[in-house]
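Per chain, numbering begins at 1; letters A, B, ... match sequence-line order. It should be emphasised that the depicted structure is a prediction, and the values quoted were computed from it without experimental measurement.
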Protein chains: 2
Amino acid sequence: MAPLPPRVPAGSAMTGNPHNMRTSPFYSHLAQSIGPVNIVTPAGQIGIRVDGSIPTDPVEQITQALANLGRCLEAAGASVADILKVTYYIVGFDHTNPQHRGPLLDFLGGHRPPSTLVPVPKLALPGIIFEIEATAAIPQLPSEKVDVLVVGAGLSGLQAAVDMQKAGLSVKVLEARDRVGGKTWSRPAHGSICDVGAAWINDTNQSKMFALAKRYNLDLIEQNTKGKIIVDEGVGKLKTHPYGQLVSEEDDKAAIADIVRVRDIFEETCQQVDISNPVTSGSAIREDLDNITFEQWVRSQDCCEDAVNALKIGTRAMLGVEPSEMSALYFLDYCKSGGGYMQMRSDCKDGGQYLRIAQGTQSFSTCLAGELAPDSLVLLSPVRQIVQKGGSLSVVSARGTYEASRVVMSVPTTLYKEINFEPPLPAEKIALAESTKLGDYCKMIVFYRKPWWREHDLCGLSQSCHGPFAVTRDSSVDEDAHFSLTCFVTGQPARDWMVLRPADRQKAVLDQISRLFGPFAKVEEPVEVVEQIWRNEQWSQGCPCPVMGPGGLTKFEHVLRAPTGRIHFVGTETAFEWKGYMEGAVRSGERGAQEVLLAMNKAKL
Amino acid sequence: MAPLPPRVPAGSAMTGNPHNMRTSPFYSHLAQSIGPVNIVTPAGQIGIRVDGSIPTDPVEQITQALANLGRCLEAAGASVADILKVTYYIVGFDHTNPQHRGPLLDFLGGHRPPSTLVPVPKLALPGIIFEIEATAAIPQLPSEKVDVLVVGAGLSGLQAAVDMQKAGLSVKVLEARDRVGGKTWSRPAHGSICDVGAAWINDTNQSKMFALAKRYNLDLIEQNTKGKIIVDEGVGKLKTHPYGQLVSEEDDKAAIADIVRVRDIFEETCQQVDISNPVTSGSAIREDLDNITFEQWVRSQDCCEDAVNALKIGTRAMLGVEPSEMSALYFLDYCKSGGGYMQMRSDCKDGGQYLRIAQGTQSFSTCLAGELAPDSLVLLSPVRQIVQKGGSLSVVSARGTYEASRVVMSVPTTLYKEINFEPPLPAEKIALAESTKLGDYCKMIVFYRKPWWREHDLCGLSQSCHGPFAVTRDSSVDEDAHFSLTCFVTGQPARDWMVLRPADRQKAVLDQISRLFGPFAKVEEPVEVVEQIWRNEQWSQGCPCPVMGPGGLTKFEHVLRAPTGRIHFVGTETAFEWKGYMEGAVRSGERGAQEVLLAMNKAKL
């Protein structure tokens, strides 16, 4: 079994009450910071949503304000336990009905910071009935000097850190989140674990992940492909067919044939890509393919709309983007990095979605973190500034300042902007970071009492271009009596779906499940629903992998992995093999460690 | 050309916004302090003026409140960039007309701290519609140990620091302001520079300043004395006469003769003062002259009111005080320090107002600061505490704590109270500090398209005992096409004038210019007006030089320059020659450095 994740740093705000004073279960009379701290002061937070709308229901509005405060604290690297003091401003306050209390206690968990409640006649905007101010104090660790500072404790950063420590270097890993794992995130649900991020490996061409699974003694679950899949690809009606087969009927014969034709051309073109140098693949310069979007490429094959839809489900499910948002060559190279389009999309042996992990894929991250020397890892410590000066780097994070000879950046290109580099990153690196785009990728994991789909000879896989989700898969862990369908809400449908209220989001997904599965099975009532919207994650901002638009590979492929002085860059997007997958992340981490070791003349050759 | 002033320290308040949250151009969602800081918490500031009045115009009231907050920050050594968080309380807030925004954005410059806006039914006083609360965090520099700590980067402190560094000592200079120069302050205006503080040197008996002007290659401008001066000394009517001559007419013959008689007695008495020991000047103990005010001395000469007025213009223009507020001996000694009353008041060769500096007199300070070793100077760092213990001193400032063998205090006696000494300064030093008084000294510099007064054979000098200003002088820099009259609003008239609204202050000065110059020239419309009120300066509190009342010299002359343990005292008031002038400041700095070097056995004898 995987070790527990590293402990989140204790808050610095020590709370208490003076002796013999009237106390309250809702707040402490006193908090004080202990030791050196950085002070965090969010703006007063109101219950406004990112789209500017304001919930009319008071409790919903208060909950939104608290969520906004939580986002501010998260962006600062502070936790709720770091809050020193809160002040609430409440319009129309009625002490006999303190509506803020429920959401507040949910938000605070066990922490009870001192508070002031100020009834006010109104607030800054009409309709706002609640505003919360907070001051937090982040404990500061003593400054340290290390050989290498790793930014980010996802798989790539952890793998790099473990390799470098094994080679004798002193390494510190700073992680912005309160957990390790980045986009591997296994959340407890319904007495089991569900993977809201990366979920699959295989045991053949993903040699690194399989080796880690063996090393950490993780239990592998073969992805369920027994039974039929449901297809709703715009060919007019819902169909089922056995996994891995395209069965055509009289009325869709032409469409299916066209889908197969275009898919085969794509696969053939894909196989010609040289992943070590995609723009110059062999002798052919493929700028022609880089200068058009994948949608343009598909349409240039003179195909029917059904073929376009079929491939659209592919880009949505694989990268969370529309075919119109991505360079054709980028997608070809991405697929080839996993052995080709068919293999990367496959749920069978050798495929991208072959094996799941009973303990959850975050176990890879927690186990790697467990291999680090004690105190190598600092959570809740977003890096703010990296100063290169002479032979060393100064790294300023929310919880301390470090001096290092080298830095390994294991954050996605799209997040470089969150760090202030001095001197600034080279213009090409900045242009790269500004040009890549993360997909909109959400999962809604729907738990059931039993795997009712299997009883009707369905494997749980569905593909759809109508409704919020593009794909469902069986994500059960039978031995935990965990039976679930994971619905992938991605690309443009995700953007429309994310702005709905939570209850409406859930209803839309459940409705689509009923519509797809209902004709073929008795759909049961869910017992639990877990939702994950990667776009809203402060420290991911999307999922699974930054995507390049037209011209991106031509301009930036050589920039992607290039070190900047003493700063090295890893992350699944920089991998040659299995980009966007855990395998790619781990391989990039190994490459980053090798770069650093070579540069520091410590490589064990 | 003078080097640029040293950079103001960066604020520690790092602001930002969480990803994917609705943002505002008026505030950030988040600030956090980075590194060790001191916390600054001003009281909620309202738009009340020093006289207790409250502007009725909302924008004017808000602007006053922000100015008050600015004063608080300044007194703490904090800058606007150090603000972590603000809260506004607004009476009658109308979200469709946020009147606070304009003044606020002016106040904040480019900084965008998080904010909370709280509409309230009323505030602590009737008529108050706006209150602002702020929290600031001042970054703390690492502690350092130096040979000498200099408090204040005016001319005296900088000269002392440069001399001591040249002799091999390690020196740190702490300056409370965001600039060097103290009362040398050259502000950009109308495409040129204007000196709102010290403005003149000469090239004969001010040998130190002339040498510095040569060393720094500064361009000298001879004060304009070509043409007539305007006299409005209470003799009933406005008159002009050539610079340096007193022309009497039939109706003022007696008055002029009396003025000349008293002036000559004063000059003669003045010349008898021994500046190295004014109380015992030669064999005569002059306690008689120290125990009366200068006004009492003048009236004891049995003179007419016009002679009193003429000398009143002198004390106002020279020291910003009334003749009734100063010991007669103090004024005699002060004048003698500049070679006598006539020479000190003179705008001609050998006189106190002979040469101006095209680049502004602050160039002396920036150039001296430029001679210091790197990192010798910390701006925005008022000293809070000086602890003498054993063989060393601990100096606590707003931006860090220092250990030093010696301290050189280059602040005026009147400002000693701003520092907490441990052990306290000797009783005599405290009594000295409590007994000296800084003058009320303001400048209003009025810019014109051309020097219209010269066209009418006027040199620009006027002397008046009716209206806000006592004196005007031509302060043009012709080569910059900068043509200005500087009006000296000083003494009691300054106290009455300072409490006016800004527009009324300007009108009063322009009206007086019209009244004085109108009969002799066509007065033009100004193109720009620069105002400086030294009383309002946190780190000057008046200008040019602390003045002693009756009995002061007798009691404190021997205390003025006496070191207290390892603390040495410099500043223009401690000079023997050219008290109140830049020359005196520089000479006192040299004397202070010599004292320290002798004490530390490092003097190059």
Closest heavy-atom pair and its distance - Cys72(A), Pro18(B):
CA-CG, 3.7 Å
Enumerate the residue pairs fulfilling salt bridge (charged side-chain N to carboxylate O under 4.0 Å, His left out) with a member in residues 29-40 of chain B, sequence neighbours excluded, ordered by first and then second residue.
none
Taking atom types as modelled, which donor-acceptor pairs link chain A and chain B at under 3.5 angstrom?
from	atom 1	to	atom 2	distance (Å)
Asn38(A)	OD1	Gly35(B)	N	3.4
Asn38(A)	ND2	Ser33(B)	O	2.9
Ile39(A)	N	Ser33(B)	OG	2.7
Ile39(A)	O	Ser33(B)	N	2.8
Thr41(A)	N	Ala31(B)	O	2.9
Thr41(A)	O	Ala31(B)	N	3.3
Thr41(A)	OG1	Leu84(B)	O	2.7
Ala43(A)	N	His29(B)	O	2.8
Gly44(A)	N	Ser115(B)	O	3.1
Gly44(A)	N	Thr116(B)	OG1	3.1
Gln45(A)	NE2	His29(B)	ND1	3.0
Arg71(A)	NH2	His19(B)	O	2.2
Ala76(A)	O	Gln32(B)	NE2	3.0
Lys122(A)	NZ	Phe93(B)	O	2.4
Glu133(A)	OE2	Lys85(B)	NZ	2.7
Glu133(A)	OE2	Thr87(B)	OG1	2.9
Glu133(A)	OE2	Thr116(B)	OG1	2.8
Arg384(A)	NE	Gln32(B)	OE1	3.0
Arg384(A)	NH2	Gln32(B)	OE1	2.9
Arg535(A)	O	His19(B)	NE2	2.6
Asn536(A)	OD1	Asn20(B)	ND2	2.8
Gln538(A)	OE1	His19(B)	N	2.7
Gln541(A)	OE1	His19(B)	ND1	3.3

Heavy atoms only: give me the nearest Ala43(A)-Pro114(B) pair and the separation to one decimal.
N-CB, 3.2 Å
Partner chain A: residue of Leu84(B), Val37(B), Leu117(B) with the largest heavy-atom pair count (under 4.5 Å)
Leu84(B)
At a heavy-atom separation under 4.5 Å, does Ile39(A) approach chain B through its side chain, its backbone, both, or neither?
both
By side chain to side chain contact (heavy atoms under 4.5 Å, CB included) - contacts of Pro121(A) (at least two apart)
Pro121(B)
